[in-house]
2 protein chains.
Amino acid sequence: MTSPPPAAITAAVTAADAVAPTPAQLMDQLAQAAAAYYRNFATVAAQRGLTLMQGKMLSLLRRPMPMRTLAELLACDASNVTGIVDRLESRGLLRRESDPADRRVKLVLLTAEGERAVAQIRAELMSELSGLESLEEGDRRALQRLLGQVFPA
Amino acid sequence: MTSPPPAAITAAVTAADAVAPTPAQLMDQLAQAAAAYYRNFATVAAQRGLTLMQGKMLSLLRRPMPMRTLAELLACDASNVTGIVDRLESRGLLRRESDPADRRVKLVLLTAEGERAVAQIRAELMSELSGLESLEEGDRRALQRLLGQVFPA
DNA sequence: TATTGTTATACTCTATAACTATA
DNA sequence: TATAGTTATAGAGTATAACAATA
């Protein structure tokens, strides 16, 4: 029976031998990971003159969707979407289109230029997250499963 | 020799048998996880009348630190820190203190009320992330290792 | 000279409330 | 009546540039 090493030693130990982190420690690491993700995303968006929210909105538009849906996905009030869409529309990255099925609804969709911008953002973000590309298949499966467990859809 | 199942079937398969996600798919899942983390954090902060940035700043102040350091940790310009600290100081959650070693520097530190606020935010956030508490030791170790690999310190 | 923190400025994001046009 | 989108408003976050105090 081996007793777990004291916390001070943990950092120097290889992953396989490491003491399991507490949920609280894992929460701190999640905070750092989430911050790092958005720092990378914001940097990549800023390189194209876009704010974080503008980059997020463009990235969400894999298919046309109502403004109301964008508000839900961006976790903000519907009144904010008007301004964000306005600014992106004036730059030619997306456009509004009336929904024939319900004339109250405006569908937002990317222009060709918007599609290119999203593709470049995604590519640059992927190259920023080089640690992601170097994961083995087993590790990719494990990370997918664990993230799904901590953040259920 | 078994060939991997087509992508359309993947979703219905159990985790153990699942095809490994591509790095691009994993990047999308990271985006969702980071968004979910901050949605939870912002909700918990808002319950105490705090914005996301205010909650972040308080959570960073485990020990006194210069405004400049806060700017780096929050990934924003130093000029923004003045206003955020102002608002939290006027609410009695933190205070400024001159650094005797370098009189240009102002150290920011939590008040007793600020300490209580942080403790409550952390506790409520932990209860929101119930999926974290239910992870087995092996899964906690794995998640720690994988996050460290994708987002190196 | 360089650095820390502040101020002034302009822009963006944010929620709330009130409005319109549709349903 | 209810919903989708807009507008007006006020407050908060954001980067830039210029400044005072200190190193």
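Chain letters run A, B, ... following the sequence lines, proteins first, then strands; residues in each count from 1. This is a predicted model, so every value here is computed, not measured. Excluded from the calculations below are hydrogen atoms, water molecules and symmetry mates; all remaining heavy atoms, backbone and side chain alike, are included.
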Student: Between C:dA23, C:dT14, D:dG13, which nucleotide has the shortest distance from any of its atoms to the side chain of A:D102?
Tutor: C:dA23
Student: Under 4.0 Å from OP1 or OP2 of D:dG13: is there any side-chain N or O of B:K56 that close?
Tutor: no
Student: Does any donor-acceptor pair link the side chain of B:S79 with the base of D:dT16 at a separation under 3.5 Å?
Tutor: yes
Student: Side chain of B:R96: nearest nucleotide among D:dT14, C:dT22, C:dT6?
Tutor: C:dT6
Student: 5'-most contact on DNA chain C: B:D86 or A:L52, nearest heavy atom basis?
Tutor: B:D86
Student: Using whole Å, what does the distance between atom C1' of nucleotide D:dT7 and atom CE of A:M67 come to?
Tutor: 12 Å
Student: Does some side-chain heavy atom of A:M27 sit less than 4.5 Å from a side-chain heavy atom of B:L125?
Tutor: yes
Student: Please state how far atom CD in A:E72 lies from atom C1' in D:dA4, giving the value in whole angstrom units.
Tutor: 12 Å
Student: Whole angstroms only, please: what is the CE-P distance between B:M65 and C:dG5?
Tutor: 12 Å
Student: Can you tell me which nucleotide in C:dA23, D:dG13, C:dA15 comes closest to the side chain of B:T51?
Tutor: D:dG13
Student: Is there a side-chain contact between A:R103 and the phosphate of D:dT3, meaning an N or O under 4.0 Å from OP1 or OP2?
Tutor: no
Student: Nearest-Å distance, CG (A:L50) to C1' (D:dA15)?
Tutor: 16 Å
Student: Taking for each residue the nucleotide of DNA chain D with the nearest heavy atom, is it A:G83 or A:R104 whose nucleotide lies nearer the 5' end?
Tutor: A:R104
Student: Between B:R104 and B:D99 (salt bridge meaning N to carboxylate O under 4.0 Å), is one present in this structure?
Tutor: no
Student: Look at the side chain of A:N80 and decide which nucleotide, out of C:dG5, D:dT6, C:dA15, has an atom nearest to it.
Tutor: C:dA15
Student: Quick one: which of C:dT14, D:dA4, C:dT6 gets closest to the side chain of A:R68?
Tutor: D:dA4
Student: Report the nucleotide, chosen from D:dT3, C:dG5, D:dG13, that has the shortest atom-to-atom distance to any side-chain atom of B:Q54.
Tutor: D:dG13
Student: Tell me: CD of A:E89 to C1' of D:dG5, nearest whole Å?
Tutor: 13 Å
Student: Measuring from the side chain of B:T82 (C-beta onward, heavy atoms only), which nucleotide among C:dT6, C:dA23, C:dC13 has the closest atom?
Tutor: C:dT6
Student: Please tell me which of the listed nucleotides, C:dT14, C:dT6, D:dT14, lies nearest to the side chain of B:M53?
Tutor: D:dT14
Student: Under 4.5 Å between side-chain heavy atoms, hopping through other hydrophobics if needed: is there a path connecting B:V19 to A:L143?
Tutor: no
Student: Once you round it to whole Å, what is the distance between P of D:dT3 and CG of A:L70?
Tutor: 19 Å
Student: Both A:P100 and A:C76 contact DNA chain C. Taking the nearest nucleotide for each, which residue is further toward the 5' end?
Tutor: A:C76
Student: Is it true that B:R91 and B:E89 have a side-chain N and a carboxylate O under 4.0 angstrom from each other?
Tutor: no
Student: For C:dC13 and A:R87 - does any side-chain N or O of the residue sit under 4.0 Å from the phosphate oxygens OP1/OP2?
Tutor: yes
Student: Grab the CD1-P distance between A:I84 and D:dT7 for me, whole Å please.
Tutor: 15 Å
Student: Distance check, rounded to the nearest 0.5 Å: B:M57 atom CE versus B:L70 atom CG?
Tutor: 5.0 Å
Student: Could you walk me through whether A:F41 and A:L129 pass the side-chain contact (heavy atoms from CB on, under 4.5 Å) test, one step at a time?
Tutor: CA-CA 10 Å; A:F41 190 100; A:L129 300 180; over 6 Å; no
Student: Tell me the interatomic distance from A:D77, atom CG, to D:dG5, atom P, rounded to whole angstroms.
Tutor: 12 Å
